[in-house]
2 protein chains.
Amino acid sequence: MPDLPKDLIAASSFPMILAVLAKGESYGYEIIKAIKEQSNGQLEFAEGTLYPILKKMEAHQWIASKWYKAENGRERKYYKLTSLGKKQLQTEKENWQSVNQILQNLWQLNFNYQ
Amino acid sequence: MPDLPKDLIAASSFPMILAVLAKGESYGYEIIKAIKEQSNGQLEFAEGTLYPILKKMEAHQWIASKWYKAENGRERKYYKLTSLGKKQLQTEKENWQSVNQILQNLWQLNFNYQ
DNA sequence: CAAATATACATAGAACTACTATGTATATTC
DNA sequence: GAATATACATAGTAGTTCTATGTATATTTG
């Protein structure tokens, strides 16, 4: 299967990451893994892609971070959704659903014309 | 309803325009109107947005254009899907459906946790 | 035990893209 | 005749993305 186009990955990155964090707080590396698993390997965010997004979300106050120490002593930066972030997740979802509905309707028309 | 984010509009522009042309050949201004109607006004491509996209699609040979003269004597540039374009429409659709499915699965998980 | 890999976070800047701003032009409406 | 709609077009600015590269430590492998 061909790689997904960059613009589509970019457009879905925010809703996707917010959705992962809605399941529970998580840290960068684990978020990457969760998305890879959820997409059966179709999507794999590089760290250099993910951390700027997390930084931006934090700047928007959609998420908040906190350092924790893992069992092996490693430091991990955990992110969790804020109430603002939950609202934004809802907004991202509605936006996506809107565009998706428009596309599905158009494709339905295409199908009917075939 | 708030405006849709630019990145989502950008990511969906190609599949959307290809889908409009799958219904039948059309010209620029009419494509803009078709999308506006199909989206109940949520989406409104500016000409400065549309024509570079059409140009790019033509460069990819997904569409072909031809000048026709309208009833009032005005020249119109009609675009139609090529067989390559039909394949690309299918690819765009599959890509979108892939990402959409990933998001819907994640949102389903979110819903179950609420 | 050393090398390789995995884990974990981070940022600069080059490359790329989008779309606004602006343009030309003619038909129609007010 | 002015305003608006219709019709097509492009340059270049602004913004964005993500690659490349970095630091660092734990674990696995040979």
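Chain identifiers are assigned alphabetically (A, B, ...) following the order of the sequence lines, protein sequences preceding nucleic acid strands; residue numbering begins at 1 within each chain. Since the structure is predicted, the reported quantities are computational estimates derived from the model, not experimental observations. When reading the values below, keep in mind they use all heavy atoms of this one structure, side chains included, and skip hydrogens, waters and symmetry mates.
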To the nearest Å, how far apart are [X] [atom1] and [N] [atom2]?
X	N	atom1	atom2	answer
B:Ile53	C:dT20	CD1	P	11 Å
B:Leu43	C:dC19	CG	P	11 Å
A:Glu75	C:dT7	CD	C1'	14 Å
A:Glu47	C:dA10	CD	P	11 Å
A:Leu54	C:dA8	CG	C1'	12 Å
B:Ile9	D:dG15	CD1	C1'	15 Å
A:Lys55	D:dC18	NZ	C1'	15 Å
B:Leu50	D:dC8	CG	C1'	10 Å

Got [X] and [Y] here, is their nearest side-chain heavy-atom distance under 4.5 Å?
X	Y	value
B:Glu47	B:Tyr29	yes
B:Tyr68	B:Glu25	yes
B:Ile35	B:Leu50	no
A:Gln101	B:Gln42	no
B:Trp96	A:Val99	yes

On DNA chain C, nearest-nucleotide positions of B:Pro52 versus A:Asn72: which is more 5'? A:Asn72

Could you check whether [X] gets within reach of a base, just the sugar-phosphate, or nothing at all, counting any heavy atom under 4.0 Å?
X	value
A:Tyr79	sugar-phosphate
B:Gly28	sugar-phosphate
A:Tyr78	nothing
A:Arg74	base

Could you check which of [options] has an atom nearest any side-chain atom of [X]?
X	options	answer
A:Tyr29	C:dC19, C:dA8, D:dA7	C:dA8
A:Thr49	D:dC18, C:dA10, C:dC19	D:dC18
B:Lys56	C:dA18, C:dT20, D:dA7	C:dA18

I want to check one thing: is the phosphate of D:dA5, taken as OP1 and OP2, less than 4.0 Å away from some side-chain N or O of B:Lys33? no

N or O in side chain of B:Lys6 less than 4.0 angstrom from C:dT17 OP1/OP2: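 No.
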
Starting at the 5' end of DNA chain D, which residue's closest nucleotide do you reach first, B:Tyr27 or A:Asp7?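 Result of the comparison: B:Tyr27.
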
Here's a test of your reading of the structure: between A:Gly73 and A:Gly48, which maps to the more 5' nucleotide of DNA chain D?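 Nearest nucleotide further toward 5': that of A:Gly48.
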
